[in-house]
Amino acid sequence: MHAAIYPGSFDPMTYGHLDIIKRAAGMFDEVIVSILDNRQKTPLFSVDERVNILKEATKDIANVKVESFSGLLIDYAKEKNINIAIRGLRAITDFEYELQISQTNRLLSKGALDTIFLTTSLEYAYLSSSSVKEIASFGGDISRCVPSFIEDMVYEKYGISKNEAER
Ligand code: PNS
């Protein structure tokens, strides 16, 4: 069985992430979306909230599983006996960071963990979780960035009702 891990913060998941998940699910028998539980960052959504969001967003894709992990990705991947990580590349600006992570993972895992990059579909190239949070915090329109149920949850975090937000 060919399985892959799609690791990330997903705070929150965007249409860009969902696009990568769907495409990866078409390539592998199983895709495990793995949310990093990073104690050093203060996320907008807790790990449990993010797991639930991802589960809801991917409920119709049979070969996608959602989990969380802490610590090193290579240790988590080894535990799962998976040797492929998927990452999305939006633009050249992502490249340096992604190259560093993937090379570090190959080195640390002694070649056991490889990364496959999928280029983001053009319509989502501009999207990032941080910009979604920034726009929403000022009441801006994020309807083109995230599914509607996530939109509600993001505005709620900032104490803004969807009707108040610019449309
Ligand atoms: O969505 P993000 O925040 O860009 O995802 C980054 C992530 C989670 C893929 C990366 O930070 C990660 O794998 N962290 C786990 C710790 C680790 O393995 N670090 C070594 C590689 S630099």
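Keep in mind the model is a prediction, meaning the values are calculated, not measured. For reference, positions follow the sequence shown, starting with 1. Both ligands and their constituent atoms are indexed starting at 1 by order of listing.
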Of Ile74, Ile101, Leu113, the one whose closest heavy atom lies nearest atom 10 (C) of ligand 1 is Ile101
Measuring from non-hydrogen atoms of Tyr76 to any atom of ligand 1, is the shortest distance under 4.0 Å?
no
Is it the case that the side chains of Asp48 and Ser46 hold a donor-acceptor pair, with the cut-off being a distance below 3.5 Å and no angle test?
no
If you scan protein heavy atoms around atom 7 (C) of ligand 1, the nearest is Arg87 NH1, 4.3 Å
Using modelled atom types only, decide if a donor and an acceptor are shared between the side chain of Arg50 and the backbone of Phe10 within a distance under 3.5 Å.
no
Any donor-acceptor pair under 3.5 Å linking the side chain of Thr14 with the backbone of Gly16?
yes
Heavy atoms from other residues, nucleotides or ligands near CD of Glu56 exceed 12 (cutoff 6.0 Å):
yes
Where does Leu72 meet ligand 1, judged by heavy-atom distances below 4.0 Å: at the side chain, the backbone, both, or neither?
both
Relative to atom 20 (C) of ligand 1, which among Thr115, Asn105, Ile35, Leu73 owns the nearest non-hydrogen atom?
Asn105
Drop me the distance from Ser109's OG to Asp114's CG, to the nearest 0.5 angstrom.
7.5 Å
For Ser9, the ligand 1 atoms whose distance to one of its heavy atoms is below 4.0 Å
1 (O), 2 (P), 3 (O), 5 (O)
Going from CG on Leu113 to OG on Ser102, what distance comes out if it is rounded to the nearest 0.5 angstrom?
9.0 Å
With a 3.5 Å distance limit and no angle check, can you tell me whether Arg23 reaches the backbone of Thr119 through a side-chain donor-acceptor pair?
yes
Would you mind checking which non-hydrogen protein atom is closest to atom 6 (C) of ligand 1, with the distance to 0.1 Å?
Tyr97 OH, 3.6 Å
Which option, Ile5, Leu36, Asp11, owns the non-hydrogen atom nearest atom 11 (O) of ligand 1?
Leu36
In the protein, what heavy atom is nearest to atom 15 (C) of ligand 1, and what distance, to one decimal place, separates them?
Gly71 O, 3.6 Å
